[in-house]
Amino acid sequence: ILNVEQSPQSLHVQEGDSTNFTCSFPSSNFYALHWYRWETAKSPEALFVMTLNGDEKKKGRISATLNTKEGYSYLYIKGSQPEDSATYLCAWLQTTSGTYKYIFGTGTRLKVLA
Amino acid sequence: EADIYQTPRYLVIGTGKKITLECSQTMGHDKMYWYQQDPGMELHLIHYSYGVNSTEKGDLSSESTVSRIRTEHFPLTLESARPSHTSQYLCASSEYRGGRQETQYFGPGTRLLVL
């Protein structure tokens, strides 16, 4: 199993601050990277699917970029709100002989203080 | 909103008991997955299925077993629970699209505590 790492593990920001965090993954044999948001007591919810080097995706105040050559993706939140508080997971899609498996990072736990 | 359900949400049980964690989805997805997550750790794939009568073990060794008799149902069974099985178990499903675009939809999870 190859590692997917996320940093920081957790952070606290003030309401209105912008923030970003990193997902690092193996740069060889890249296939896809998924971002999920997981609020406490709820199900993880898909945010973005990133497939091409240089991809930039946006959903409201949240955006993500992808660099497959160096093996990282950034997730940005502009003007953080308390409802953004959640754990943000990235999952690297590993392919082996035609089968696909997600390798998850440990997540970044974001707390937005009002 | 995804239609994938897990029961029970929380379970406290004694060592040696047999337990079944239920997972159902109403989206008609062929692929289903079970993940295990210990506090502060990654989600680890323990079982997956590509469709009815298909089950495969994931990367993390698990003493649990699964079955897939119906498309919508993917229960996970522990024949004899032990304290080492204490963890959170998440079920997910996805529609087959050849890999890249296969977004997984997750259930709310079952938190299991074995005493």
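Lettering follows sequence order; numbering is per chain, from 1.
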_Within the supplied structure, the quantity of interest is the number of heavy atoms (other residues, nucleotides, ligands) at a distance under 6.0 Å from A/Arg109 CZ; does it exceed 12?_
no
*Can you tell me how far OH of B/Tyr48 sits from NZ of A/Lys101, rounded to the nearest 0.5 angstrom?*
4.0 Å
*Answer whether the closest heavy-atom distance between the side chains of A/Phe104 and B/Tyr35 falls below 4.5 Å.*
yes
*pair A/Trp38-B/Leu90: side-chain heavy atoms closer than 4.5 Å*: yes
_A/Leu47-A/Tyr76 co-clustered via ILVMFWY side chain contacts under 4.5 Å_ = no
*Sidechain-backbone polar pair: B/Thr103 side chain, A/Ala46 backbone, donor-acceptor under 3.5 Å*: no
*Could you state whether A/Leu110 and A/Leu113 fall into the same hydrophobic cluster, counting links through intermediate Ile, Leu, Val, Met, Phe, Trp or Tyr residues with side-chain heavy atoms under 4.5 angstrom apart?*
no
*Please answer: with hydrophobic residues joined when any side-chain heavy atoms are less than 4.5 Å apart, are A/Tyr72 and A/Tyr88 in the same cluster?*
no
*Are A/Phe21 and A/Ile62 connected in the hydrophobic side-chain network, where two residues link if heavy atoms are under 4.5 Å apart?*
yes
*chain A heavy atoms under 4.5 Å from B/Arg9: which part of the residue, side chain, backbone, both or neither?*
side chain
*asked:* Does atom CD (A/Glu15) have a neighbourhood of more than 12 heavy atoms from anything else shown, all under 6.0 Å?
replied: yes
*Are B/Val114 and B/Leu60 connected, step by step, through hydrophobic side chains (Ile, Leu, Val, Met, Phe, Trp, Tyr) whose heavy atoms are closer than 4.5 Å?*
yes
*Which bit of A/Leu33 is near chain B, if near means a heavy-atom gap under 4.5 Å: side chain, backbone, both or neither?*
neither
*With no hydrogens and no angle check, is any side-chain donor or acceptor of A/Tyr36 less than 3.5 Å from a backbone partner on B/Gln104?*
yes
*Give a yes or no on whether B/Lys57 atom NZ has more than 12 heavy-atom contacts from other residues, nucleotides or ligands under 6.0 Å away.*
yes
*asked:* Less than 4.5 Å apart, side chain to side chain, heavy atoms only: is that true for B/Ile4 and A/Ser43?
replied: no
*For the atom pair CD (B/Glu42) and CG (A/Leu89), what is the distance rounded to the nearest 0.5 Å?*
10.0 Å
*Given a strict heavy-atom distance threshold of 4.5 Å, which part of B/Leu43 is in contact with chain A: side chain, backbone, both, or neither?*
both
*What distance separates B/His44 NE2 from A/Ile103 CD1, expressed to the nearest 0.5 Å?*
9.0 Å
